[in-house]
Amino acid sequence: MNIIEVAYKWHGGFTKRPRTDFIALHHAEAVKCTPQDIHSWHVSNGWTGIGYHFFVRKDGTIYRGRPLDVVGAHVQGMNSCSIGICAEGDYHAKEKTMPQAQKKSIIELCQYLKKNCYPNAKIVGHREIGDSNCPGRYYPLDEIKFAVAGGITVQAENPQKIALDKLVTKGIITDASQWVLTDFLTNAKAVRVLDLLSGGTWTSEKTNSSIHWAQPNVISLASKDGGSSDGTKVIEDIDGMVNKLNVWISKATLLALVDKLTGGTKEKYKNRKTDHWGRNFLDSLCDKGIITDVKYWDSDFESTVENGVFLVLCCNAFGL
């Protein structure tokens, strides 16, 4: 493995890092850039220079950033116990696939650091130890982690892929190719799967699937109370849901649907005043043991949900 040294012009001194608990993976959030670009951007922030310890370009070339043993500037509040590896590219909004050469170099670099320098350091994405969406939803974080750990393929171990396979086997999902795990979930897909998992589609003369293929599922869910003691229907505003079937579902809306379908909201959370109406449904689902990753759901109730996260939630909610 070859690491290219770069002659940076530093703007200040460094502090030795007291320990290394994490190897943090990042993306540059720039489709094309060089280590000198990163250095310039970070200097303009008032920093000593490039905040990462390594920078990996799309062709697999690895460049040295800061000296390996000093405090970096890449995860606020965690720089004194981590080193940073940044990948050229924008793997959150603009690029869905990392080049194989780049991925291979990141894996080899992590393996080298684990074997020769920091055997107890944990490989993490920036977002796992800091307030960020970095390294992006399309960054192959799980694949890289498994490869560094010993070459296990993410395809065989990924719980989201396992959830998809279960729903395909059960006949709930008939075309797996339409369920890219990292794509955002639409209201239409959510109501179709939740309706089928809770007993199938209710039909009547009022149901007109020509309006939208998921409209019968909305009608069906509007007829169900999910076993709640007060008879609250799973969907109360049929027209409102039909009108937004093609848009991404929010975390809060999805939490409400799943909570209502699994026995209704726990009594202590009904009408409780909170910072957001979705919190009552989240806490109710946590009490039921359906949701355990509170941090993910609690981050922003109005934000979108990835298909893979939804599929895992479905399997937990319906005991698959």
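Throughout, numbering of the chain's residues begins at 1 and tracks the sequence. Worth knowing before you read on, the calculation uses all heavy atoms, side chains too, and leaves out hydrogens, waters and symmetry mates.
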* To do: Show your reasoning for whether side-chain contact (heavy atoms from CB on, under 4.5 Å) applies to Val218 and Asn187.
  => CA-CA 10 Å; Val218 177; Asn187 283 281; over 6 Å; no
* To do: Would you please test His26 and Tyr52 for ring-ring contact (aromatic ring centres under 6.0 Å, His included) and show each step?
  => CA-CA 9 Å; His26 304 259; Tyr52 309 110; 5.0 Å; yes
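- Listed by chain and number, the residues in a side chain to side chain contact (heavy atoms under 4.5 Å, CB included) with Asp300 are Glu302, Ser303 (sequence neighbours excluded).
- Panel note: side chain Lys189, backbone Gln178; a donor-acceptor pair is recorded below 3.5 Å.
- Taking the ring axis of Phe55 as reference, the NZ or CZ atom of Arg64 does not stay both within 45° of it and closer than 6.0 Å to the ring centre.
- When Leu197, Asp195, Leu196 are each tested for a side chain to side chain contact (heavy atoms under 4.5 Å, CB included) with Val193, only one passes: Leu197.
- Scored by the ring pair (Phe, Tyr, Trp, His ring centres under 6.0 Å) test, Trp47 finds His42 as partners (sequence neighbours excluded).
- Using a 4.0 Å cut-off between a side-chain N of Lys or Arg and a carboxylate O of Asp or Glu, Asp21 and Lys122 do not qualify as a salt bridge.
- In summary, of the residues considered (Lys161, Lys103, Lys104), a salt bridge (Lys or Arg N to Asp or Glu O under 4.0 Å) with Glu143 occurs for Lys103 alone.
- Using cut-offs of 30° and 60° for the angle between ring planes, the Tyr8 and Trp10 rings count as tilted.
- Residues Tyr91 and Cys134 have side chains not in contact (no heavy-atom distance under 4.5 Å, counting atoms from C-beta outward).
- For the pair Glu236 and Lys260, the salt-bridge criterion is met [side-chain N within less than 4.0 Å of a carboxylate O].
- Aromatic ring pairs are classed by plane angle as parallel below 30°, tilted from 30° to 60° and perpendicular above 60°; the pair Phe184 and Trp248 is perpendicular.
- A salt bridge links Lys288 with Asp259: at least one charged nitrogen is closer than 4.0 Å to a carboxylate oxygen.
- A donor-acceptor pair under 3.5 Å links the side-chain atoms of Arg192 to the main chain of Trp213, judged by distance alone.
- Between the Thr253 side chain and the Ser250 main chain, no donor and acceptor come within less than 3.5 Å of each other.
- No side-chain N or O of His126 forms a donor-acceptor pair with one of His74 less than 3.5 Å apart.
- Scored by the side chain to side chain contact (heavy atoms under 4.5 Å, CB included) test, Val31 finds Lys58, Asp90, Lys94, Glu95 as partners (sequence neighbours excluded).
- Ile62 places none of its side-chain heavy atoms less than 4.5 Å from the side chain of Ile106.
- Between the side chains of Asp37 and Thr34, a donor-acceptor pair is found at a separation under 3.5 Å.
- A salt bridge between Arg279 and Asp283 is absent, with no side-chain N of the basic residue lying under 4.0 Å from a carboxylate O of the acidic one.
- Side chain of Glu88 to backbone of Val56: no donor-acceptor contact under 3.5 angstrom is found.
- No side-chain N or O of Arg127 forms a donor-acceptor pair with one of Asn133 less than 3.5 Å apart.
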* Test log, rule ring-ring contact (aromatic ring centres under 6.0 Å, His included), inputs His276 and Phe301 -> CA-CA 7 Å; His276 192 285; Phe301 287 107; 5.0 Å; yes
